[in-house]
Amino acid sequence: MKRGTAVRSAVLWMSAVGLLGACGGQPEQPPASSETVTTTQSLVSPPATLSGGFMNYLGTLSVGGAVASNTGTTAAYEGFKLTVAAHTQVALEVTHLGTGVGVDTGLFVYGPKDANGSYGTRILFQDDDSGYGELSKIPLATLDDAGEYLVVVGWSNGLGKQYRLQAQCVGGACVSNPAPASVSTPVTLAQFPIEPNLQSLLDTGNAYREDMFSFLDRYDFAWPYSTPASLDAAAAAVLAKSEYRGYRSDPAPGTYTYAAFQSRMYLQFQSLHPAILAAYGDSGEDVQVKSYFREFSTGPNGDNWRTLNVILFPVSRHVIVYEQTAHEI
């Protein structure tokens, strides 16, 4: 959506939904010459709550399939249950095919559902208008835990038109008969926010000393192969980013087990070590770390020391980048 006034209040409702096959849905029909399509594009905000009647009328979206529904005539939200195995990777999209002209959507993912039937309040993935026109698309959603997730479609302009939501398998457990990766298969990274508890621990560590500061970033990568990605491929993808170009000249980067990596972290940040593993690791996963070092001076009493640590979770398909810095004061 073009930036404008967000939808601050919307009626949560569920219309009857039609289930389509993965290739189903009618092509979008252009308006007749006499029809005028008037839309007001605005940012589609997340739903204020997932409670109420909305929770009682959920359709089902399957990996490799699609669903269709109608926006009705008011701004609103609809939700669809998506049940997956652990480490499933999907692309979610409100498609141009099967969606009416001028429809303006937002897309949100919650879950998995807990024993109390709640999907929680945290949005795992969201998108406004990365798809066709003002439609929404999440190219990669890595769902670590098995279970039932809630995919919510919202719209700011109820035009009484059809929309089509599809879920496509792009990696992980949903791939049937995966082939092994070649030795040259690259890792393509997509960045996502880190977990809130990790951000809190990072902020606490960064407040400890003014001459030491650390950064933590999360990347996921789609991986539809039977053999795991290599640490070297993950590190190459990180170093390809311009913000890390200063580490490319390290002649002898070190490789460590995750257990050995903890002692290489500054003391005030070591609480991140078990928290990172708990957030992104799978039981028994062989987590590996590759570390790069650089030092430089910005003038008298201006020495800087920096370490870039690329942490690969090969089963859960995450790459965590932990960079720690220190400088003279």
Specify the closest pair of heavy atoms between [X] and [Y], including all atoms of both residues, with the distance to one decimal.
X      : Y      : answer
Pro178 : Pro224 : CB-O, 3.4 Å
Val289 : Asn309 : CG1-CB, 4.1 Å
Val170 : Leu140 : CG2-CD1, 3.9 Å
Val84  : Asp145 : CG2-O, 4.1 Å
Pro47  : Phe108 : CD-CD1, 4.1 Å
Ala68  : Gln162 : CB-CD, 4.2 Å

Would [X] end up clustered with [Y] when hydrophobic side chains under 4.5 Å apart are linked, directly or stepwise?
X      : Y      : result
Leu135 : Val109 : yes
Val319 : Ile311 : no
Leu272 : Ile320 : yes
Leu202 : Leu198 : yes
Ile123 : Val152 : yes

Rounded distance (nearest 0.5 Å) linking atom [atom1] of [X] with atom [atom2] of [Y]:
X      : Y      : atom1 : atom2 : value
Ser291 : Gln324 : OG    : CD    : 8.5 Å
Gln288 : Ser230 : CD    : OG    : 8.5 Å
Glu195 : Leu201 : CD    : CG    : 11.5 Å
His87  : Phe313 : NE2   : CZ    : 11.5 Å
Thr255 : Asp232 : OG1   : CG    : 7.0 Å
Asp286 : Leu312 : CG    : CG    : 8.5 Å

Looking at [X] and [Y], would you say the former's side chain and the latter's main chain have a donor-acceptor pair under 3.5 Å?
X      : Y      : result
Asp250 : Phe293 : yes
Asp282 : Glu285 : no
Thr105 : Trp155 : no
Asp127 : Lys137 : yes
Asn157 : Leu159 : no
Thr185 : Ala181 : no
Asn70  : Gly72  : yes
Gln168 : Ala91  : no

For [X] and [Y], take the angle between the two ring planes, folded into 0 to 90°, and tell me which bin it lands in: parallel under 30, tilted 30 to 60, perpendicular over 60.
X      : Y      : result
Phe261 : His273 : tilted
Tyr225 : Trp223 : perpendicular
His96  : Tyr132 : parallel

Apply the test side chain to side chain contact (heavy atoms under 4.5 Å, CB included) to residues Asn304 and Glu295: give CA-CA distance (whole Å), side-chain angles for both, the deciding distance (0.1 Å), then the verdict.
-> CA-CA 5 Å; Asn304 284 258; Glu295 58 182 331; over 6 Å; no
Self-check item: Flag if over 12 foreign heavy atoms under 6.0 Å of CZ, Arg122
Solution: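 Yes - once you tally the heavy atoms of other residues, nucleotides and ligands closer than 6.0 Å, there are more than 12.
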inquiry  = Can you confirm whether Phe296 is buried at CZ, in the sense that more than 12 heavy atoms of other residues, nucleotides or ligands lie under 6.0 Å from that atom?
reply    =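 Correct, the count exceeds 12.
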Would Tyr244 and Glu323 count as a side chain to side chain donor-acceptor pair (under 3.5 Å) here? Give the steps.
CA-CA 10 Å; Tyr244 302 128; Glu323 182 180 20; 5.2 Å; no
Q | Val101 and Lys161: CA distance, side-chain angles, deciding distance, side chain to side chain contact (heavy atoms under 4.5 Å, CB included) verdict | A | CA-CA 8 Å; Val101 175; Lys161 294 191 174 184; 3.9 Å; yes
- Message: Would Ser214 and Tyr266 count as a side chain to side chain donor-acceptor pair (under 3.5 Å) here? Give the steps.
- Response: CA-CA 9 Å; Ser214 291; Tyr266 295 144; over 6 Å; no
Close side-chain approach of [X] and [Y], heavy atoms under 4.5 Å:
X      : Y      : result
Tyr322 : Asp217 : no
Leu124 : Tyr110 : no
Glu328 : Trp305 : yes
Leu82  : Thr88  : no

Yes or no on side chain to side chain contact (heavy atoms under 4.5 Å, CB included) for Phe80 and Leu165, after CA distance, side-chain angles and deciding distance?
CA-CA 9 Å; Phe80 302 90; Leu165 170 66; 3.7 Å; yes
Would a line drawn from the ring center of His327 to the ring center of Phe213 be shorter than 6.0 Å?
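Judged by ring-centre distance (under 6.0 Å), His327 and Phe213 do not meet the cut-off.
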Check: Phe192 ring centre within less than 6.0 Å of Phe125 ring centre
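That pair passes the under 6.0 Å test.
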message = For a side chain to side chain contact (heavy atoms under 4.5 Å, CB included) check, start with the C-alpha distance between Met212 and Gln268, then their side-chain angles and the critical distance, and finish with the verdict.
response = CA-CA 9 Å; Met212 292 179 174; Gln268 63 269 35; 3.3 Å; yes
Discussion item. Assess whether a salt bridge exists between Arg218 and Asp220, defined as any Lys/Arg side-chain N lying under 4.0 Å from an Asp/Glu carboxylate O.
Written reply: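 Judged by the 4.0 Å cut-off on N to carboxylate O distance, Arg218 and Asp220 do form a salt bridge.
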Find out whether the Lys NZ or Arg CZ of Arg317 is both under 6.0 angstrom from the six-membered ring centre of Phe221 and within 45° of the ring's axis.
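No cation-pi geometry.
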Exercise for review: Decide side chain to side chain donor-acceptor pair (under 3.5 Å) for Arg264 and Gln262; before the verdict, give the C-alpha distance in whole Å, the side-chain angles of both, and the deciding distance to 0.1 Å.
Suggested key: CA-CA 5 Å; Arg264 301 181 56 80; Gln262 184 170 17; over 6 Å; no
Sole residue of Val238, Leu239, Thr307 in side-chain contact (heavy atoms from CB on, under 4.5 Å) with Tyr292: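 With Tyr292 as partner, Val238, Leu239, Thr307 yield a single side-chain contact (heavy atoms from CB on, under 4.5 Å), made by Leu239.
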Under 3.5 Å side-chain donor-acceptor pair for Thr95 and Gln166:
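No, no side-chain donor-acceptor pair sits under 3.5 Å.
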- Where do Asp144 and Ser316 land on the side chain to side chain donor-acceptor pair (under 3.5 Å) test, with the steps shown first? CA-CA 6 Å; Asp144 290 329; Ser316 48; 5.1 Å; no
